[in-house]
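Reading through the structure tokens given below for one structure.
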Number of protein chains: 2
Amino acid sequence: MTKAVDIKKLYRDTDDYMGKEIVIQGWIRTLRDSKNFGFIEVNDGSFFKNLQIVFDETLDNFKDVAKLPIATAIKVTGDLVKTEGAKQPFEIKAKSIVVEAPSSSDFPLQKKRHTFEYLRTIAHLRPRSNAFSAVFRVRSVAAYAIHKFFQDRGFVYVHTPIITGSDAEGAGEMFRVTTLDLKNPPKNADGSIDNTQDFFGKETNLTVSGQLEGEIFALAYKDIYTFGPTFRAENSNTSRHAAEFWMIEPEIAFAELEDNMELAEDMIKYIISYVLENAPEEMEFFGSIVDKDLLPRLQNVVSNDFGRVTYTEAIKLLQESGHNFEYPVSWGMDLQTEHERYITEQIFKKPVFVTDYPKEIKAFYMRLNEDEKTVAAMDLLVPGIGEIIGGSQREEREDVLAGKIRAMGLNEEDYWWYLELRKYGGVKHAGYGLGFERMIMYLTGMTNIRDVIPFPRTVGTAEF
Amino acid sequence: MTKAVDIKKLYRDTDDYMGKEIVIQGWIRTLRDSKNFGFIEVNDGSFFKNLQIVFDETLDNFKDVAKLPIATAIKVTGDLVKTEGAKQPFEIKAKSIVVEAPSSSDFPLQKKRHTFEYLRTIAHLRPRSNAFSAVFRVRSVAAYAIHKFFQDRGFVYVHTPIITGSDAEGAGEMFRVTTLDLKNPPKNADGSIDNTQDFFGKETNLTVSGQLEGEIFALAYKDIYTFGPTFRAENSNTSRHAAEFWMIEPEIAFAELEDNMELAEDMIKYIISYVLENAPEEMEFFGSIVDKDLLPRLQNVVSNDFGRVTYTEAIKLLQESGHNFEYPVSWGMDLQTEHERYITEQIFKKPVFVTDYPKEIKAFYMRLNEDEKTVAAMDLLVPGIGEIIGGSQREEREDVLAGKIRAMGLNEEDYWWYLELRKYGGVKHAGYGLGFERMIMYLTGMTNIRDVIPFPRTVGTAEF
């Protein structure tokens with residue numbers, strides 16, 4: 001059989017096909033018919049844009065074609081011709097239209113606009129809508145940009161475990177993973193669950209971060225990154241929280257906080273540039289339909305140096321701003337989204353790294369600064385979102401780390417291998433985490449995390 | 001501070017650095033000292049091979065350097081010089097050696113060989129050994145090769161869900177994911193667990209396959225792939241089974257079984273070629289230390305067309321072979337590893353697709369052939385391993401699919417959206433699954449799956 005041409009190829013290499021007879025396959029997105037002719041917009045999934053088909057009574061099956069429901073899959077043979085002055089640059093004059101797979105006339109994605117809320121209930125069909133076809137292609141292109149960025153720089157990609165036997169990560173509420181019979185679990189004499197009878201011989205949970213294992217690999221390969229799913233069992237039903245999301249966690253050795261910031265800045269700029277270049281039609285769609293400020297904002301990020309400010313300076317700037325915040329500003333407090341957004345949007349008007357936070361509000365593994373009050377942490381704040389990256393230089397001094405683990409009431413034994421990394425050539429190292437979905441929201445202007453995940457998992461919802 | 005040069009760069013762009021003073025950083029792998037000079041092999045993680053450092057009494061700290069333990073991290077300044085006739089092409093004549101991070105002298109990876117079993121118990125250090133440093137770099141390079149292969153062909157990468165609310169996949173034993181209190185779970189009046197009180201409002205498990213959701217995306221984007229973790233709660237303690245492993249599942253629309261085989265063959269050849277080209281030192285190591293037949297075997301795969309044989313023909317060939325199998329051969333049986341290996345190793349002597357299996361031994365979603373006895377399934381068998389890929393053309397006919405769901409005693413309602421895909425332009429489509437770890441075993445010659453996963457999860461084990 002004649003191989004169909006991807007519609008993307010017609011748009012990208014138009015000259016190769018112009019004036020020639022070609023075959024395309026795809027799904028009907030719209031169909032308008034008059035008495036003796038009609039227009040079909042076909043999409044084959046290879047490209048954001050549709051291809052226009054003109055057909056007329058010279059087709060044997062003109063009357064049947066004119067009645068085809070939306071979503072019908074068709075195979076079209078015809079000549080590719082220029083359409084001077086029309087919206088689309090070219091169209092196909094059909095010589096033959098054959099149905100590859102029929103569609104029922106009740107296809108839910110008819111031409112009228114649907115709410116994103118409704119489209120979530122038909123997640124098996126929403127990738128065929130304009131908005132979601134754009135979102136999930138951008139998601140794919142951005143994922144590849146991330147791999148390419150790190151691989152081109154010699155970073156090793158590491159799959160850290162999803163099921164974890166330690167709760168050493170301490171970054172949030174966890175999901176239990178078990179094969180025990182919930183109705184009748186084995187119990188110890190004291191009534192507690194006998195976890196030795198569980199699949200792994202102990203209690204296991206879904207990971208909240210691959211960082212600690214990432215450090216193992218950074219102390220072998222110098223530069224590594226993870227890119228995998230992570231989980232939070234937090235009961236927060238907001239537009240920014242999902243129970244299952246993907247995270248990128250690079251970790252670099254022989255490196256300090258400054259190197260970490262450079263890497264994060266380069267990475268963010270690379271992802272944006274790559275997506276603008278490789279999904280231009282989708283990005284134009286977001287810039288015109290979803291958020292008019294999107295493209296200027298992204299261009300601004302790519303072409304300016306990110307700001308740098310210490311937490312202590314930032315607190316001072318906030319206090320001196322005269323702005324009336326809901327949460328009053330004082331040294332020692334955790335920055336709220338309103339503060340973060342004020343810093344990046346009003347004070348710096350561009351992405352900014354806030355560094356050196358009070359040790360009390362940051363994790364045990366962050367490196368204690370010489371002032372002994374702050375740690376070498378960094379959060380990247382971006383206009384329109386707030387925090388998009390959190391990272392730090394890690395505490396490489398075994399005694400200081402052990403002291404902090406004890407001081408925070410954690411169990412030193414749970415961290416035996418993490419401490420041992422510091423015993424054998426535990427050089428300075430640093431890393432950060434980028435929430436992939438937050439990056440996709442930033443790239444597309446979409447405001448609900450449920451609309452940038454193919455099949456979102458949130459409190460009370462695990463459909464499809 | 002002067003930026004250190006990656007050791008990889010010294011090997012790849014030697015001329016740029018030859019004769020010049022450079023700075024490198026890395027971990028001591030070996031150290032030999034004589035009375036007034038010594039040699040250090042340093043590895044900085046950027047490259048499989050070490051860099052040799054020569055040092056002598058001109059160093060202030062000669063005596064201290066000569067006693068440095070293995071795994072100490074050092075910073076070396078010195079001139080890069082050629083070493084005619086020596087094993088290594090060049091070395092650094094040290095002018096200064098500074099300790100970046102000390103190591104304790106009891107570092108477990110001393111020069112003597114350790115068993116892979118022992119190294120599994122120190123998974124936080126084994127990436128620093130030759131063998132595992134090679135394995136996990138090949139894993140990273142192969143992962144990237146897979147992304148590159150599909151992205152270059154316009155495939156959309158989709159993250160299918162890890163936590164699944166349906167057990168519609170039916171491909172194996174599942175892990176339960178829950179936030180219920182195991183000691184005291186909420187119960188219904190009849191004593192069963194009240195799953196409505198669980199995090200997602202129902203019973204959820206870890207996915208065993210992203211295929212069904214992958215089909216959703218293939219029917220929107222035509223060509224898609226998944227690459228993510230999958231889980232099996234099977235109590236099988238073998239060298240080939242892990243509870244957590246990564247899988248690649250492409251799915252293509254407007255496609256039949258033949259297209260599926262072409263894609264799989266191109267992909268396997270691409271991955272092998274890419275890894276041979278981009279990790280040549282590691283592959284040479286595997287070919288000389290782990291498996292002498294490895295490189296010829298891989299070259300043979302790349303340079304020959306894969307064989308094609310139907311299940312029915314394969315059964316006949318096995319019966320006619322005169323070979324005495326442990327499991328006797330008859331039409332309708334599932335092929336055992338001994339049969340698979342005989343077909344690929346003895347009969348074809350190369351990779352071979354076996355197609356069109358009896359419908360009784362394959363999954364409900366595989367397309368029924370016209371003979372109504374077999375389905376459009378394909379398994380790819382490769383010498384040395386047996387099955388490495390399993391796939392099929394999917395049943396696109398709604399009535400046939402619904403009939404098979406009922407006939408297999410499954411609940412049609414659980415599949416509402418899967419059936420609905422067939423209602424709206426459900427074109428012919430096909431796909432397959434490649435177990436990533438099995439591919440890495442095939443690429444490296446490593447024979448235990450625990451040795452190709454950074455932190456393996458198997459029955460009774462979830463360390464690190």
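Proteins come first, then strands; the chains are lettered A, B, ... in the order of their sequence lines, and each starts at number 1.
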Identify the heavy atoms of [X] and [Y] that sit nearest to each other, and give their distance.
X      : Y      : value
A/Q25  : B/F254 : OE1-CB, 3.4 Å
B/F199 : A/R232 : CZ-O, 4.4 Å
B/I163 : A/E244 : N-OE1, 2.9 Å
A/R128 : B/A220 : CG-CB, 3.8 Å
B/Y221 : A/P127 : CE1-CB, 4.1 Å

Of the backbone (N, CA, C, O) and the side chain (C-beta and beyond), which part of [X] lies under 4.5 Å from a heavy atom of chain A, both, or neither?
X      : answer
B/R139 : side chain
B/F47  : neither
B/A218 : backbone
B/F150 : neither
B/V459 : both
B/K428 : neither
B/P185 : side chain
B/T458 : backbone
B/T461 : backbone
B/K202 : side chain
B/P229 : side chain

### Task
Start with the C-alpha distance between A/H147 and B/I146, add both sets of side-chain angles, then the distance that settles side chain to side chain contact (heavy atoms under 4.5 Å, CB included), and finish with yes or no.
CA-CA 11 Å; A/H147 282 295; B/I146 289 163; over 6 Å; no
Could you measure the distance from the [atom1] atom of [X] to the [atom2] atom of [Y]? Nearest 0.5 Å is fine.
X      : Y      : atom1 : atom2 : value
A/Y157 : B/F136 : OH    : CZ    : 14.0 Å
A/H159 : B/S140 : NE2   : OG    : 8.5 Å
B/E234 : A/T179 : CD    : OG1   : 12.0 Å
B/Y424 : A/L109 : OH    : CG    : 9.5 Å
B/T230 : A/I162 : OG1   : CD1   : 10.0 Å
B/W27  : A/L219 : CH2   : CG    : 5.5 Å

### Query
Mind checking whether B/F175 and A/F200 have ring centres under 6.0 Å apart?
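Yes; A/F200 has its ring centre under 6.0 Å from that of B/F175.
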### Query
Where do A/D6 and B/R153 land on the salt bridge (charged side-chain N to carboxylate O under 4.0 Å, His left out) test, with the steps shown first?
CA-CA 11 Å; A/D6 279 0; B/R153 281 156 187 75; over 6 Å; no
### Query
Is it true that B/R176 and A/D198 have a side-chain N and a carboxylate O under 4.0 angstrom from each other?
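Judged by the 4.0 Å cut-off on N to carboxylate O distance, B/R176 and A/D198 do not form a salt bridge.
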Heavy-atom distance under 4.5 Å to chain B: side chain of [X], backbone, both or neither?
X      : value
A/F217 : side chain
A/D106 : both
A/A123 : backbone
A/A143 : side chain
A/F155 : backbone

Top contributor to chain A interface from [options] [non-hydrogen pairs under 4.5 Å]:
options                : value
B/G154, B/G191, B/A233 : B/A233
B/K8, B/E215, B/E420   : B/E420
B/T178, B/V177, B/V427 : B/T178
B/P69, B/S105, B/G26   : B/G26
B/S46, B/A73, B/G228   : B/A73

#### Entry: Verdict with reasoning, A/F107 to B/K423, per side chain to side chain contact (heavy atoms under 4.5 Å, CB included)
CA-CA 9 Å; A/F107 183 64; B/K423 196 174 161 191; over 6 Å; no
### Message
Tell me if a side-chain donor or acceptor on A/R457 pairs with a main-chain N or O of B/P161 at a distance below 3.5 Å.
### Response
no
### Task
Classify the angle between the aromatic ring planes of A/W416 and B/H124 as parallel (below 30°), tilted (30 to 60°) or perpendicular (above 60°).
perpendicular
